[in-house]
Peer 1: 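I have a structure I would like to understand better, so I am pasting it below and will then ask my questions one at a time.
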Amino acid sequence: KLILLDSLLQEAGYLTWQAEGTTLCVGLVVCGSWAIAWQLQTFGAIVSLSVVSLSCYYRLCQRNSARVVHGDSRNMMDPVRQRLAQQIEHIIYLCPELKNPRYIPTFWAADQWCNLALLLAKERLDEYFRTPNYTREILTMPDGGTVSIDFADDSHLPATAPVVMFLHTVTGSYRATSHFIRYATLRGWRSCVFNRRGHAGINLTSPSFNVMGDAGDTKAQVEFVTARFSSASYLAMVGLSAGSGLILNYLGQEGDHTPVQAGCSLCPAYDISQAFSRLAEYYPAVDRFLLYSLKKHFLSDNKNILSTKSQAALENCSQAKTTHQFLSLNFPFAGCESVEDYFAANNPMEWIDRIVRPFMLVNSEDDMVCLPKNIQEDAVTSLGGALLLRTKKGSHIAFNEGILGTGSYLSRITMDFLEAARLSEKTLKI
């Protein structure tokens, strides 16, 4: 009985904490649960835990409405910006999830760390129990560098099916994006993942890499996809984490020349010249993990080829103490003369105002990587073609949902936006 009570008290306190209960609230819930369980024993424990779970879920529902930010078409003086703003407004009209936005996290994993841990656990389970089914195309760039594209097994879809291209995380691959791929297939979209240099099991074949990804490489990958799916009815792009910056750079640099018709930037950091400068102070463990991942991924297996470019730059990157330092020191390998040149060429905020396609940005207030203080709402409202969805919870690209945490709000809202953008283009005949 005492073991049962102890377990119940821990569960009740934990769930109340997940629902952002105050110390007094947690104490009252624990005492009430103890009293019920003591009187009614096992049945009381079950009833008490059920009531606590339902109350926590209700509390999360009440406190987790999201906010949509976008420019008003009536305030846009430029005809192009006004047209884009009108399309964004029409997309919101067509998408119920954006008209009344709300992300309700899995009630037992609502905290930023639990949310992220659940995502990582799901990715691990995918690795062990799901066999990835895709075909790979390898592309060689003019400088001898290598990128690849992993295409999902969606041959059952018609030739005219829309296509969505995913830009993975900083050290990601097809596997880390697989839940997005599966959901896109369920929604009737073809999908593929653009693997950057040094990713997806392919070491560097030239002394060149870019932590944020190269827009020129992305352009070549897009051209390959458009040639392969020439009958596709629609072409969209989605960037996750580091990929969220790459999509903005690519769309901005290509302007009206890109065949991509809509995009999503998920958990962007906005101004990357400043975004990670305080990460080591606010979240030192996160910064250490990111730095370790960057060094292991880009440097460990590529030291010989990188040293042919610049031994000094290789040593500087190896000795970097923070993620911000590593990002600032990788400029020689990105083909830039200085860190200033690097940020001028690769900072999304240098290119965002040149984008002429409707796109959505998603950020959560409890993101421990792309900090909420980095969000630039003024840039969004001035663009016309941008929509920012701000949620109170979600962690970093986690956004688990459902009682068991098997769902993904991020996948769902992404495809909802792209579907609405596709329908809007047909309706408005853009």
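Along the sequence shown, the residues carry numbers beginning at 1.
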Peer 1: Taking atom types as modelled, find out whether Ser178 and Asp126 have a side-chain donor-acceptor pair closer than 3.5 angstrom.
Peer 2: yes
Peer 1: Going by distance alone, is a donor N or O of one side chain under 3.5 Å from an acceptor N or O of the other, for Gln82 and Ser73?
Peer 2: no
Peer 1: Between Asn347 and Tyr342, do the side chains contain a donor N or O and an acceptor N or O under 3.5 Å apart?
Peer 2: no
Peer 1: Salt-bridge test for Glu425 and Arg422: reply yes if a basic N is under 4.0 Å from a carboxylate O, no otherwise.
Peer 2: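 Salt bridge between Glu425 and Arg422, a charged N being under 4.0 Å from a carboxylate O: no.
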Peer 1: Using a distance-only test with no angle check, is there a side-chain donor-acceptor pair under 3.5 angstrom linking Ser241 and His396?
Peer 2: yes
Peer 1: Out of curiosity, Thr322 OG1 to Phe326 CZ, how far, rounded to the nearest 0.5 Å?
Peer 2: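 CZ of Phe326 is found 11.0 Å from OG1 of Thr322.
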Peer 1: Inspect the contact between Asp214 and Arg197 and indicate whether a charged nitrogen and a carboxylate oxygen are less than 4.0 angstrom apart.
Peer 2: no
Peer 1: Decide whether Tyr282 and Asp287 meet the rule of one side-chain donor and one side-chain acceptor closer than 3.5 Å.
Peer 2: no
Peer 1: Between the side chains of Asn195 and Asp150, does any donor sit under 3.5 Å from an acceptor?
Peer 2: yes
Peer 1: Do the ring centers of Phe399 and Tyr103 come within less than 6.0 Å of each other?
Peer 2: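 Yes: the rings meet the under 6.0 Å criterion.
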Peer 1: Kindly say whether the aromatic ring centers of His199 and Phe298 come within a distance under 6.0 Å.
Peer 2: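 Close enough - the centres of the two rings lie under 6.0 Å apart.
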Peer 1: Is it the case that Asn346 and Asn249 place a side-chain donor and acceptor less than 3.5 Å from each other?
Peer 2: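 Per modelled atom types, Asn346 and Asn249 side chains form no pair under 3.5 Å.
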Peer 1: Tell me yes or no: between the side chains of Tyr183 and Arg187, is some donor less than 3.5 Å from an acceptor?
Peer 2: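 Short answer, yes.
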Peer 1: For Tyr134 and Phe151, I'd like to know if the aromatic rings sit close, meaning centre-to-centre distance below 6.0 Å.
Peer 2: no
Peer 1: Quick one: closest heavy-atom pair of Gln253 and Ala345, and the distance?
Peer 2: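 Reported closest heavy-atom pair: NE2-O, 3.4 Å.
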Peer 1: With no hydrogens and no angle check, do the side chains of Thr185 and Asp154 hold a donor and an acceptor under 3.5 Å apart?
Peer 2: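 Short answer, no.
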